[in-house]
2 protein chains.
Amino acid sequence: MKKVSVKDIAKLSGVSVATVSRVINNNGRFSEETRKKVLQVIEETGYEMNYSAKTLRTNKSYTIGILVPDISNYFFSDVVQKIEYILFERGYSTIICNTGRNEKKELDYLKVLQGKGVDGLIVISGAEEFSFDYTEAKKEIPYICIDREPKDKSQTTFISSNHYQGAFEATEHLIKVGCRHPIFAVLNRKSTSAKERLSGFKEALKKNHFTFDNSSILYLDNPPAEMKRQTQAFFNNYPTTDGILATNDAIALELLNILHNMQYKIPEQIKVIGFDDSPITNYSTPPLSSVQQDTAKIAETAANHLLYLMKHPNETGQTLIVPVTLKLRQSSAL
Amino acid sequence: MKKVSVKDIAKLSGVSVATVSRVINNNGRFSEETRKKVLQVIEETGYEMNYSAKTLRTNKSYTIGILVPDISNYFFSDVVQKIEYILFERGYSTIICNTGRNEKKELDYLKVLQGKGVDGLIVISGAEEFSFDYTEAKKEIPYICIDREPKDKSQTTFISSNHYQGAFEATEHLIKVGCRHPIFAVLNRKSTSAKERLSGFKEALKKNHFTFDNSSILYLDNPPAEMKRQTQAFFNNYPTTDGILATNDAIALELLNILHNMQYKIPEQIKVIGFDDSPITNYSTPPLSSVQQDTAKIAETAANHLLYLMKHPNETGQTLIVPVTLKLRQSSAL
DNA sequence: TTGTAAGCGTTATCAA
DNA sequence: TTGATAACGCTTACAA
């Protein structure tokens, strides 16, 4: 089955290719009659636009690239899915690139995306070690960063949840329900957002006249067995620990399991709060309190702002902070 | 910053565009000397291939489309991620399309992907109501189906977990650990795979001389509140139910919660097994037994087979079944 | 209101 | 071993 092109449409409807193009793009002027005729032929033949040709000619691909560390992570997949949805409604397709937190792969993707002529880029998170420096990769594709502080903020728009606020509120909550030695549990591989969360935690401690020192932060590493070892060692050293703010739900759940095995009662002896409010929080025992990020708002902001940036390339440099909500469940109850 | 093209490379290295193209694609013949020179210039200028032009010319896009119902579902995201990884290694980028189980959106995506000239298509699952009939959408893009039985198997390759085997084994396990009235819990919106699972369940019942009737199957609907109502009604009617095979982990977990609220003890009074073996199974109380699908194998098979199909368009019609593994945890313990 | 034709960056054919 | 050039399907001045 041969592909049908504008040329065929032109021939079949007895007009020129230029007219066909105008009709398709609702450009220039043409009579109602020809419009009808052309559209009818298009319908009949099942014509499909060849986007490569269009892109080549117009330098617009109607394609957006998304760089994301790990799509099986709930927060990421949720945001990506929502962005994709919005962009599709606006006529853009999305190439989702799973970088697996691998810098080389990220750079490779960047090259490909560039070659495909993406109109814009959304970069989500990533480890702090290689903060995104897209300018080095030259070419001027507008891009926005979610949750990853770019090296040069002036070249982009930075969108982030208010991690600071979330951690601050969560910590104050722990204190309010009676924790005397709340700690912050975080992966050694720290992201921009984890740093913000840590500083919210610290600030809440300070405001409530608690001291922050080695006994206030538990560093963890994957795999779970290693986490277990680290957690046990920590509780050996600091047995008065009675509250944990974890840097994400996955860690919080792992800790729930570990602590349960160590015979601690949650929330009676130790209260736990996670981050992200993933669906699993409802199914753990006890159900996990968590700081909910407003993924819908983040996605919407990101998509709209990128589209805007594509029209106004110079209006970069903004930072947009999206509020979070503390979802209380049993794991931090009195 | 102007984009550099083959023409520029040609000029700078003192050869023709044809030669540059040959070097880039390692095509035709050229002297070692020119090769070096050209590659050097490419390196220096940071030249990036314009894929739109290449695609337009060659009719190959090095892009694969993936149609997936819901990327925030663990099984789907896991498979997609793995496919994407393999394809990228082979030089293909992937456009992931979230259809949200919406037929119209799926058709729209199909059009766009066609327009972008994707070289192949991977279609994952979907509700049974609109079994994929890509042939109707004409054009002959090779495609393979995962977990979704296509209308016309002869046009594609069908890859699926052995849902039948998984359900069969899980059911036999329930019986072995003492269940006298095991049931199958399933969403009303049934997929191809759910049907297979149901038939494995039935067969295991039969083999063990249990009868299958209305009391053997619990139909559920979202949202959770509705599920709760349905479950309570079911247990009212059939109070001797003592084992559940759920059609996926999400439902199993919801049931765990509902049954817990109804004061049932799991696994003492009722044993539960899920499907997919998502990470959450470790964090529920009790930890959830589940049938694990071999996502790595599925992804690998799908990617390799699609690439193969792209070279040998006529060798369709195969069905590839991937074995599953029953992961036992406490929710179905004696 | 419509048509002609140039040109986007590649690859491929043919000739040199 | 190389170079000139047509062609891929589309948009867009410019002409008519």
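Quick caveat, the model's predicted, so the values are computed rather than measured. Here is how names work: the chains are called A, B, and so on, in the same order as the sequence lines, proteins then strands, and each is numbered from 1.
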Within the 3.5 Å criterion, strictly below it, is a donor on B/T55 or B/S52 matched to an acceptor on the partner's side chain? no
Rounded to the nearest Å, what distance is computed from the CD1 atom of residue B/I24 to the P atom of nucleotide C/dA12? 12 Å
May I ask you to check whether B/Q81 and A/N98 show a side-chain donor-acceptor distance below 3.5 Å? yes
Nearest-0.5 Å distance, OG1 of residue B/T295 to NZ of residue B/K82: 3.0 Å
Please report the distance, rounded to the nearest Å, between CE in A/M49 and P in D/dG9. 13 Å
Could you tell me whether the phosphate oxygens of C/dG9, OP1 or OP2, come under 4.0 Å of any side-chain nitrogen or oxygen in B/K7? no
For nucleotides 2-7 of chain D, 5' to 3', base contacts (B), sugar-phosphate-only contacts (S) and non-contacts (-) with protein non-hydrogen atoms under 4.0 Å give BBBBBB
Using only heavy-atom distances, determine whether the side chains of B/N59 and B/K54 contain a donor-acceptor pair under 3.5 Å. no
Is the shortest side-chain N to carboxylate O distance from B/E300 to B/K297 below 4.0 Å? no
Whole angstrom is fine here: how far is it from CG in A/L56 over to C1' in C/dT10? 8 Å
Would you indicate what B/S5 reaches in the nucleic acid, counting non-hydrogen atoms under 4.0 angstrom: base, sugar-phosphate, or nothing? sugar-phosphate
Rounded to whole angstroms, how far apart are NZ on A/K11 and P on C/dG3? 14 Å
With a cut-off of 3.5 Å and sequence neighbours excluded, list every side-chain donor-acceptor pair involving residues 89-97 of chain A.
residue	atom	partner	partner atom	Å
A/R90	NH2	A/N304	OD1	2.6
A/S93	OG	B/K116	NZ	2.8

May I ask you to verify if any side-chain N or O of A/N27 is less than 4.0 angstrom from the OP1 or OP2 atom of D/dT12? yes
Modelled atom types, side-chain donor and acceptor of B/S72 and A/D78, under 3.5 Å: no
Please give, in whole Å, the distance from D/dC10 C1' to A/E48 CD? 15 Å
Taking atom C1' of C/dT10 as reference, at what distance in whole Å does atom CD1 of B/I42 sit? 13 Å
Looking at D/dC10, I'd like to know if its phosphate oxygens (OP1 or OP2) sit under 4.0 Å from a side-chain N or O belonging to A/Y62. no
Protein-nucleotide distance (A/N50, atom CG; D/dC10, atom P), rounded to Å: 5 Å
Whole angstrom value for the distance that separates C1' of D/dG9 from CG of A/N25: 13 Å
Kindly say if B/N59 contacts the phosphate of D/dC8, meaning a side-chain N or O under 4.0 Å from OP1 or OP2. no
